Amino acid sequence: MHISTKCSIAIHCLIFISVYGEAQKVTSELLSLSTGTNPVTIRNIISALKKEGILSVKFGTGGTKLNCPLNEITLYRICNALEPDFLGKLIGVHSMPSPLCPVGKNIHSVLNTSYAKIHEDLRSSLQSISMREIMDNYNNS
């Protein structure tokens, strides 16, 4: 199972913006230095979070700000903004089982039932953790 490292980078950026965004202009170059990630990757992450309504970006002079309260930004919302079908890609089902085999012809429905439960549990768990909780952990570290 895999959730992209883009999610961790996005959380890093959101913490940085939350801590420093009011006092200074937060740019993709600055976030790149903090995260150790290519500025293009940072810009792609910022763009996805902007489309989701999590961030606002000033064009021209630059600078990124939070667009909503931290308690409204969940891990699920972040992951889904970065990779809209991340739950579907989390656990794959092999695509060509034999329709002639008793197991092969039924394996998709069997696995889809089990995997749907895993997806729902993960969705619920990711929705229960907000950036407010993450910021509290950051402030207590």
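FYI, side chains are in, hydrogens and waters are out, and symmetry mates aren't considered; it's all heavy atoms of this structure. Worth saying up front: this structure is predicted, and the values here are computed from it rather than measured. We number each residue from 1, following the sequence as shown.
Taking NZ of Lys65 as the reference point, atom CD1 of Ile17 lies at 9.5 Å (rounded to 0.5 Å). The line from CG of Leu49 to OG of Ser56 is 11.5 Å long, rounded to the nearest 0.5 Å.
Using the six-membered ring where Trp is involved, His108 and His94 have ring planes that are perpendicular, over 60° apart on the 30 and 60° scheme.
Using a 4.5 Å cut-off between side-chain heavy atoms of Ile, Leu, Val, Met, Phe, Trp and Tyr, with links allowed through other members, Tyr20 and Met131 fall into the same hydrophobic cluster. Follow the hydrophobic side-chain contacts under 4.5 Å out from Val93 and you reach Leu122 in the same cluster. In the hydrophobic clustering of this structure, Tyr138 groups with Ile73; members are Ile, Leu, Val, Met, Phe, Trp, Tyr whose side-chain heavy atoms approach within less than 4.5 Å, directly or through other members. Both Ile134 and Val19 belong to a common hydrophobic cluster when Ile, Leu, Val, Met, Phe, Trp and Tyr are linked at side-chain heavy-atom distances under 4.5 angstrom.
Considering only heavy atoms from C-beta on, Ile42 stays 4.5 Å or farther from Thr27 through its side chain. The shortest distance between side-chain heavy atoms of Gln24 and Leu30 falls below 4.5 Å. The side-chain heavy atoms of Leu75 and Ile129, taken from C-beta on, include a pair separated by under 4.5 Å. With a 4.5 Å cut-off on side-chain heavy atoms, Lys58 and Lys25 do not count as touching. Annotation: side chain of Leu55 is in contact with side chain of Leu14 (closest heavy-atom distance under 4.5 Å). The shortest distance between side-chain heavy atoms of Thr41 and Asn38 falls below 4.5 Å. Within the 4.5 Å cutoff, side-chain heavy atoms of Tyr76 are placed close to those of Leu87. Residues His12 and Ser34 meet the side-chain proximity criterion, which asks for heavy atoms closer than 4.5 Å.
Minimum interatomic distance between Pro39 and Ser32 (heavy atoms only, all atoms of both residues): CD-OG, 3.4 Å. The nearest pair of heavy atoms linking Ala10 to Leu82 is CB-CD1, 3.7 Å.
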Step by step, work out the salt bridge (Lys or Arg N to Asp or Glu O under 4.0 Å) result for Lys117 and Glu120. CA-CA 5 Å; Lys117 170 82 171 110; Glu120 186 51 42; over 6 Å; no
Under the side-chain contact (heavy atoms from CB on, under 4.5 Å) rule, what do Met135 and Ile15 come out as? Steps first, then yes or no, please. CA-CA 7 Å; Met135 280 302 300; Ile15 291 170; 3.8 Å; yes
Step by step, would you call Ser18 with Leu70 a side-chain contact (heavy atoms from CB on, under 4.5 Å)? CA-CA 9 Å; Ser18 180; Leu70 292 172; 3.8 Å; yes
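At distances below 3.5 Å, not a single donor-acceptor pair connects side-chain atoms of Lys6 with backbone N or O atoms of Ile45.
Between Glu52 and Arg77, at least one side-chain N (NZ, or NE/NH1/NH2) sits under 4.0 Å from a carboxylate O, which counts as a salt bridge.
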